[in-house]
Amino acid sequence: METSAVSGQQRVETWDLKEVDSSVKELTPAETLDATVDEISRQLTEIVSIEEEAAAQHANGGKTPPRQTKLGELCMVTWAYGILRPRRRPPGWLQPPQMDSLHSLAKKLGAKSRKDFLTFEEWTLNDEDDMSWKQNAKVEIDSSHSNPTDALFDTIAEALCRPSSQNETNFDATASLHDPQLELMRLSDCSWSEIANLAWAFEKCGRSLSPASETLLRALAHEAAWRLRTGGAKTRSMLSRDISQLIWALGTLQQDNFRLAHDLVILLDDFSAYMGFELNDANARDSRPFRSWSSPDIVQTILALSHARVDDSQLLLALFEEAHSRLDSGICASDSRREHGRKTFLAWEVCVLLWAQARLYLTAAEGDVYEQFPGAAVSNIIATSSSTSLNDIGIGPQEKANIAWALTVLEHHQSGEAIDLLRATFYDAAKACKQEGLIQLEHAHQLWQALFLLEEESPSAVSKVPKWFRQLLSDKWNLEKSRKKISSARHKSISQVLNLMGVAHYNEHDEDIDVAIVLKKQASWAHQTYAEESSSAMKVAVEFDGPNHFTRTRIPRGETMAAPVRALGHTVLKYRLLKRKGWTVVRVPFYEFDKIPFWASMERQRYLQRLLKTHANIRFSDVDISDYSAMAPNRKTRFD
């Protein structure tokens with residue numbers, strides 16, 4: 001690289017791209033381009049590092065004023081590499097998707113072993129392992145510079161979080177939201193579009209776990225929240241695209257880095273207050289506050305809330321009411337022309353909204369719009385595909401699996417249109433599997449859960465599913481459930497308490513049951529948990545529901561108590577599956593079990609005694625006998 005000085009602070013650089021990986025001969029055009037992109041990132045990293053080092057020396061008394069790369073240039077670089085270097089591992093996953101091809105479908109359908117159908121893996125975590133998964137996962141995470149792009153992004157993050165030249169204090173990621181350090185950072189000079197593009201680029205590259213990237217992302221959330229709270233010219237220049245893109249990026253990245261969720265909640269609280277929802281007043285929604293928002297912006301915001309498990313009731317109601325109003329006004333758009341400012345929903349976006357509603361388990365109990373929205377969504381998808389196929393309107397394998405799963409979770413599968421859509425969904429999925437010889441395992445799991453329940457709840461919707469396809473989905477589900485599982489600390493605690501009570505049980509039973517109780521012939525119950533036949537009551541699934549089974553615990557601004565949490569859609573669906581298979585499900589929520597000190601074994605036994613109702617009484621000693629009795633309604637534990 002040659003550098004020549006020019007008058008003022010400008011300079012011209014000439015890069016010899018022939019030097020890029022010259023030791024490697026006969027590179028293909030794609031490999032040459034890939035190597036060139038990496039070399040550019042290395043040289044950009046070096047330039048930014050040198051300039052930031054000079055800036056630090058000047059702050060410490062250096063005489064020569066440093067040249068610093070412009071904020072717009074830094075944002076443009078991250079945006080470009082967000083496109084050139086997209087992440088390979090989906091958010092929250094420990095490794096990239098694994099695809100494999102099948103041999104002749106006819107041969108496989110006739111074979112006894114169907115192992116070659118395993119084409120995709122999804123790794124899940126124990127509920128309380130959010131803080132330790134990086135240590136336990138045998139995959140490379142982005143806490144180190146595994147490639148030149150990682151180094152470039154971290155260097156840019158450090159540059160943006162450095163203080164201005166007149167300030168010598170670096171930003172502390174643990175600082176409070178309104179810490180004055182925020183105003184002294186270079187980041188505070190970024191426009192709204194630059195803030196949004198930075199967050200978007202870091203999400204696209206999947207960069208959030210390194211100290212530098214985490215600090216930048218948290219600072220972006222704090223800077224945006226501060227602008228929303230204080231108002232001013234910077235807030236007035238905010239576009240819906242800017243705030244929705246920032247919320248989406250943080251909502252997606254918090255699946256990789258749980259520490260970002262707190263900053264996202266802070267940002268959402270200030271955004272809700274900015275939109276007038278803080279007082280929990282339904283009148284704030286009457287004027288359709290999101291009328292001017294484009295449909296992609298609405299989808300991004302709802303998707304972020306669902307990924308982060310944030311149950312901001314007023315914000316969600318306003319977003320879904322606006323979406324429902326637009327669906328009622330006409331059919332979905334068939335293409336993505338006029339993307340910016342588009343007020344109609346694409347068919348795949350409607351599928352995303354359905355999935356988000358099911359994920360958060362938003363039902364009529366949370367608002368009338370949630371009872372109406374699934375029907376409107378189904379009607380619009382049916383109308384849009386009336387003269388063509390689902391594939392032609394952008395509904396691919398992922399969207400089909402989401403449709404079947406969401407309609408089953410929300411129990412919206414009895415109407416004629418819903419039955420027609422479910423039939424088309426399963427028909428297309430089976431047809432694609434037969435033609436391509438491939439099925440993505442995650443999709444197979446979603447389809448099987450829906451199919452298994454619909455066979456009883458809405459038989460006409462799945463009556464035409466081919467037998468071979470049903471068997472295939474069943475095989476993939478059983479294979480997934482037979483994998484080796486490791487009990488979490490809370491599961492082990494429940495098992496230990498049951499051992500003290502003398503209750504026989506299995507840990508990590510089939511169907512991912514945390515604790516399966518097996519009653520001995522001489523055992524007896526205080527009374528039945530449910531009014532079922534005695535034979536079914538012999539199969540009791542004790543399920544510990546950790547935080548990831550519920551909406552996020554949060555204290556609304558101005559309140560002193562946390563808002564009630566709600567079970568998520570995948571948790572509700574799991575219990576419906578277990579009940580269909582003859583299990584009586586007993587749930588142990590974390591917000592009850594965790595209140596009992598770990599050393600209070602007798603109190604834990606009393607708690608499970610009341611919950612399971614397996615014993616009329618438990619004798620701890622001659623003077624300490626615990627009789628079964630329901631807990632007083634005004635008490636949460638015996639310590640209250």
Side-chain angles (χ1 to χ4, degrees), residues 78 82 87 89-94 125 127-135 137 141-144 150 153-154 156-158 160-161 171-179 181-182 185 187 190 194-229 242-272 300-312 315 356 359-360 547-548 550-555 557 568:
T78 59
R87 65 189 302 162
R89 176 175 53 83
W93 290 36
L94 300 185
L125 304 172
D127 302 318
E128 64 274 16
D129 288 342
D130 279 346
M131 299 183 66
S132 62
W133 74 268
K134 290 191 291 183
Q135 289 76 18
I141 56 175
D142 64 354
S143 58
S144 60
D150 291 345
F153 269 63
D154 281 358
I156 291 176
E158 291 170 356
L160 291 172
C161 290
F171 172 69
D172 178 6
T174 63
S176 64
L177 172 63
H178 307 301
D179 195 290
Q181 293 181 69
L182 286 172
M185 294 169 56
L187 190 63
C190 288
E194 289 170 341
I195 288 176
N197 286 336
L198 279 169
W200 178 90
F202 273 75
E203 192 286 327
K204 282 299 181 182
C205 286
R207 195 71 182 158
S208 66
L209 287 169
S210 67
S213 61
E214 180 184 329
T215 299
L216 174 64
L217 291 165
R218 296 192 64 201
L220 288 172
H222 287 198
E223 173 66 24
W226 177 251
R227 293 184 185 186
L228 290 171
R229 176 166 282 271
D242 300 330
I243 188 64
S244 64
Q245 193 165 279
L246 175 60
I247 291 173
W248 169 81
L250 292 171
T252 303
L253 285 172
Q254 61 82 36
Q255 297 176 93
D256 291 328
N257 188 339
F258 68 95
R259 288 179 291 270
L260 298 177
H262 174 69
D263 306 278
L264 172 63
V265 170
I266 291 175
L267 173 59
L268 288 171
D269 284 345
D270 278 309
F271 177 63
S272 292
Q300 279 192 319
T301 305
I302 292 177
L303 187 60
L305 290 167
S306 62
H307 278 315
R309 301 182 288 111
V310 176
D311 184 26
D312 190 323
L315 178 57
R359 155 80 170 170
L360 291 172
N548 286 346
F550 297 93
T551 53
R552 188 171 299 279
T553 302
R554 53 193 293 266
I555 301 177
R557 184 164 294 166
L568 298 177

Discussion item. One pair to check against side-chain contact (heavy atoms from CB on, under 4.5 Å): Leu187 and Leu216. What are the steps and the verdict?
Written reply: CA-CA 9 Å; Leu187 190 63; Leu216 174 64; 4.1 Å; yes
Worksheet item: Where do Ile195 and Asp242 land on the side-chain contact (heavy atoms from CB on, under 4.5 Å) test, with the steps shown first?
Response: CA-CA 8 Å; Ile195 288 176; Asp242 300 330; over 6 Å; no
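In terms of heavy atoms, Ala249 sits closest to Trp200 at CB-N, 4.1 Å. Across all non-hydrogen atoms, the minimal contact from Pro91 to Thr252 is CG-CG2, 3.3 Å. Looking at every heavy atom in both residues, Phe153 comes nearest to Thr78 through CZ-O, 3.6 Å. The nearest pair of heavy atoms linking Val265 to Val310 is CG2-CG2, 4.2 Å. When all heavy atoms of Ala199 and Leu217 are compared, the pair lying nearest together is CA-CD2, 4.4 Å. Of all non-hydrogen atoms in Cys205 and Gly82, the two that sit nearest each other are SG-CA, 3.8 Å.
In summary, Arg87 and Asp256 engage in a salt bridge, as defined by a charged side-chain N under 4.0 Å from a carboxylate O. Of the charged side-chain nitrogens involved, at least one lies within less than 4.0 Å of a carboxylate oxygen, so that Asp154 and Arg207 count as a salt-bridged pair.
At least one side-chain heavy atom of Ile247 sits less than 4.5 Å from a side-chain heavy atom of Leu268. Residues Arg554 and Asp311 are not in side-chain contact: their nearest non-hydrogen atoms beyond the backbone lie 4.5 Å or more apart.
The SG atom of Cys190 lies 7.5 Å from the CZ atom of Arg227; values are rounded to the nearest 0.5 Å. The line from CG of Leu228 to CD1 of Ile266 is 12.5 Å long, rounded to the nearest 0.5 Å. Between Leu260 atom CG and Leu220 atom CG the span is 10.0 Å, to the nearest 0.5 Å. Going from atom CG of Leu250 over to atom NE2 of His262 covers 12.5 Å, rounded to the nearest 0.5 Å. Distance CG/Leu267 to CD/Glu223: 11.0 Å, rounded to 0.5 Å. Rounding to the nearest 0.5 angstrom, the gap separating the CZ atom in Arg309 from the CG atom in Asn548 is 4.5 Å.
Gln254 and Asp263 share no donor-acceptor pair across their side chains, judged by distance under 3.5 Å alone.
Proximity of a side-chain donor or acceptor of Gln300 to a complementary backbone N or O of Trp248 within less than 3.5 Å is not detected. Between the side chain of Glu214 and the backbone N or O of Pro211, no donor-acceptor pair lies under 3.5 Å. Between the Ser306 side chain and the Leu303 main chain, a donor and an acceptor come within less than 3.5 Å of each other. Distance alone, capped at 3.5 Å, is enough to place a donor-acceptor pair between the Arg552 side chain and the Ala308 backbone.
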